[in-house]
Protein chains: 2
Amino acid sequence: MHPADTRTAILETSARLYADLGYSAVSMRDVASAMGMTPANLYHHFKNKDDLVRETVAHVFAEKTEPIAEMLEAESRDADRLDLFIDHFVRLLTGDRVFFRFLVRELVDGDEGRLDDLAHTVLERPFRLVSGLADIRQPEEERFLATVSMIGVILGHALLAPLLPHLPGGHAGFADPTSITNHISAALRHAAASDLETK
Amino acid sequence: MHPADTRTAILETSARLYADLGYSAVSMRDVASAMGMTPANLYHHFKNKDDLVRETVAHVFAEKTEPIAEMLEAESRDADRLDLFIDHFVRLLTGDRVFFRFLVRELVDGDEGRLDDLAHTVLERPFRLVSGLADIRQPEEERFLATVSMIGVILGHALLAPLLPHLPGGHAGFADPTSITNHISAALRHAAASDLETK
DNA sequence: TCGAACTTAACGAACGTTCAGAAAGCCACT
DNA sequence: AGTGGCTTTCTGAACGTTCGTTAAGTTCGA
């Protein structure tokens, strides 16, 4: 196999395994046998396990940076941009379970350095977009918290999705991305309408 | 040491370690040496590692069930109850990092059985409370999603808290529980006001 | 003194990692 | 076109360590 292909294939295999089981629960032998190769060969492509983990995290996030940037530049009208962002972000988090699990894992486990990487490679651009669309008349703290709530409520929906069938009155259908998108968009329009009337 | 004390002490030690590093990254020897005892003695109190993990999860969640139940019964006026719930839940998630990490870990990693446990022991009662306070005139799906958003936005804030200092215009002060509580309560009042006017 | 709490010592298995060498791709030269 | 040699990719086999777990024996409180 061509070298670059093998390297990428390893990263995608290990990404799936790490997302499912966590870094320390997945051995080099696990990754190797999932790839149909010998563990020793992994050490030809990566210095050691820590290197493989870091490269895998970087690979998973790098893959998502481009689509997010494209989405942000696709639409120009503010209201549409926010709706579009919500739609894309919900679909990204609920659709790609590997990416979502890496994101949460890094948020919960990451040290300062890894959090800094995460902030700049994945979340900074969406954050700037949402923050820029917030009501400019609000104080800075209010605007910042509103942005966190916006991103946070989408993260929260993705996080709670697997739990919904176990809650009273819930079933898996409520985790449908379209339902979530519509609901959040509607709630946002309500809040905006209320804002206009009370100010 | 008294038997029940030792058992509880083990559970609290392992809870801290598991929350920090994940289940599979913490060995029985790690737990034992953090307790100042021999790994073999752990097997006098717990059948095996899997048993210790399950008991630890149950212990962490059981500890939090009582305070949540108390909180739910403390206040009677609906608006106050919701505010009070938000305040308590925000403080619970941002204040007790061990509990929060267990919660997220189980949400992300748990199989169906563990998710079912989690739903019933921790999240069902808050869910019923918030759900019961939602506008009764709304269709069932809308009410359910609104409840998920309510719990989700708090989870999202707790999840994003460590990232805030790394985002543009952000600093750790924005993760202050009082700020978050006030912000969410205010946003909710806005939405409610908008609801009354548009219906 | 009896049973619960704990230690010492060890087991086989799995771990991350290394290294010498086999297989395979590539490129110049005849 | 074929062949020799060089580099890259990969394997086989092993290393020392750590893992979960067990058995037998010791300490100690009731």
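Protein chains get the first letters and strands the later ones, always in sequence-line order, with residue 1 at the start of each.
Of the inter-residue distances, the one linking B:Phe46 atom CZ with B:Asn41 atom CG reads 10.5 Å to the nearest 0.5 angstrom. The distance from the CG atom of B:Leu93 to the CZ atom of B:Phe100 is 6.0 Å, given to the nearest 0.5 Å. Going from atom OH of A:Tyr18 over to atom CG of A:Leu11 covers 9.5 Å, rounded to the nearest 0.5 Å.
Applying the side-chain hydrogen bond (donor to acceptor under 3.5 Å, both in side chains) test between A:His59 and each of A:Arg54, A:Arg7, A:Glu12 identifies A:Glu12 as the sole match.
Atom CG in B:Asn48 sits about 9 Å away from atom C1' in D:dT21, given to the nearest Å. What separates CG of B:Leu17 from P of D:dC19 is a distance of 13 Å, to the nearest Å. To the nearest angstrom, C1' of D:dT8 lies 14 Å from CG of A:Asp5. As rounded to whole Å, 14 Å separates atom C1' of C:dA23 from atom CE of A:Met37. The distance from atom CG of A:Asp50 to atom P of C:dT17 is 8 Å, rounded to the nearest whole Å. Distance, A:Asp51 CG to C:dG16 P: 14 Å, rounded to whole Å. Atoms CZ (B:Phe46) and P (C:dA5) sit 12 Å apart, rounded to a whole Å. As a whole-Å value, the separation of B:Leu42 CG from C:dC6 C1' is 11 Å.
Regarding contacts with the backbone of D:dC10, a side-chain N or O of A:Thr6 is found under 4.0 angstrom from either OP1 or OP2. The phosphate of C:dA5 has OP1 or OP2 within less than 4.0 Å of a side-chain N or O from B:His44. Distances shown here put every side-chain N or O of B:Ser24 at or beyond 4.0 Å from the OP1 or OP2 atom of D:dC19. Contact check, A:His45 against D:dC10: a side-chain N or O comes under 4.0 Å of OP1 or OP2.
A:Ser14 and A:Thr56 share a side-chain donor-acceptor pair at under 3.5 Å. If you check the side chains of A:Ser27 and A:Asp30, you find a donor sitting under 3.5 Å from an acceptor. In the model, B:Ser149 has a side-chain atom that pairs as donor or acceptor with a side-chain atom of A:His183 under 3.5 Å.
Candidate nucleotides D:dC10, C:dT18, C:dT17 were compared by shortest atom distance to the side chain of A:Ala40, and C:dT18 ranks first. In this structure, the nucleotide among C:dC15, C:dT7, D:dT8 sitting nearest to the side chain of A:Asp30 is C:dC15. Of the candidates C:dT8, C:dT17, D:dG20, D:dG20 carries the atom nearest the B:Met28 side chain, counting heavy atoms from C-beta on.
Rotation axes derived from the C1' atoms of the five outermost pairs at either end of the helix from C:dT1-D:dA30 to C:dT30-D:dA1 lie 20° apart, to the nearest 10°.
Contacts of B:Thr38 with the nucleic acid, taken as non-hydrogen atoms under 4.0 Å apart, include base atoms.
Both A:Tyr23 and A:Asn41 sit near DNA chain C, but only A:Tyr23 has its closest nucleotide nearer the 5' end. Mapping A:Arg29 and B:Ser27 onto DNA chain D by nearest heavy atom places A:Arg29 closer to the 5' end of the strand.
Panel note: side chain A:His120, backbone A:Asp116; a donor-acceptor pair is recorded below 3.5 Å.
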